[in-house]
Chemist: 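Have a look at the structure that comes next, please.
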Amino acid sequence: MKDKRFSIAAKLIRTNEIKTFSEIIDIVPKTVVAKELGINPERFNRLLATIDLFVIKDLVKLAEVLEVDTIAVLHLVDNELPKRKARKH
């Protein structure tokens, strides 16, 4: 059975209250997301640190788990990229 926090995150994505990928982790713990996606938690942590290394397959699966459009998840990733680039400068 899927963690109920995914439904909360999905609602916030649909209402544009979640703007970046990392905000999903503020609602659903990393370990829960990793397990649902079938990703090793250590690998998932590395992906979160370098979000552009996520593969489309994993993002599509996350969209399915959240029951949102894949493009919505891709927008969250895209919104995360400038945020991370700004931190590096």
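For this chain, numbers begin at 1 and follow the sequence in order. Any value given below was found using the heavy atoms of this structure, including those in side chains, with hydrogens, waters and symmetry copies removed.
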Chemist: Could you give the distance from OG (Ser22) to CG (Asn79), rounded to the nearest 0.5 Å?
Modeler: 10.0 Å
Chemist: Would you say Val55 ends up clustered with Leu74 if hydrophobic residues are merged whenever their side chains have heavy atoms under 4.5 Å apart, either directly or through other cluster members?
Modeler: no
Chemist: Would you sort out whether Val32 and Arg5 count as a side chain to side chain contact (heavy atoms under 4.5 Å, CB included), showing the intermediate values?
Modeler: CA-CA 10 Å; Val32 174; Arg5 290 171 285 194; 4.0 Å; yes
Chemist: Measure the spacing between CD1 of Ile39 and CG of Asp58 and express it to the nearest 0.5 Å.
Modeler: 3.5 Å
Chemist: Measure the spacing between CD1 of Ile18 and NE2 of His75 and express it to the nearest 0.5 Å.
Modeler: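 So the gap between those two atoms works out to 15.0 Å.
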Chemist: Table please: side-chain donor-acceptor pairs of residues 40-49 below 3.5 Å, with sequence neighbours left out.
Modeler:
from, atom 1, to, atom 2, distance (Å)
Asn40, OD1, Glu42, N, 2.7
Asn40, OD1, Arg43, N, 3.4
Asn45, OD1, Lys30, NZ, 3.2
Asn45, ND2, Pro41, O, 3.4

Chemist: I need the full list of salt bridge (Lys or Arg N to Asp or Glu O under 4.0 Å) pairs touching residues 8-21, with sequence neighbours left out, sorted by first then second residue.
Modeler: none
Chemist: Could you tell me the separation between the CG atom of Asp26 and the OG1 atom of Thr20, rounded to the nearest 0.5 Å?
Modeler: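 Answer rounded to 0.5 Å: 7.5 Å.
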Chemist: Answer whether the closest heavy-atom distance between the side chains of Phe6 and Ile24 falls below 4.5 Å.
Modeler: no
Chemist: For a quick test of your reading: what N or O donor-acceptor pairs under 3.5 Å do the side chains of residues 59-68 make, sequence neighbours left out?
Modeler:
from, atom 1, to, atom 2, distance (Å)
Glu67, OE2, Lys2, NZ, 3.2

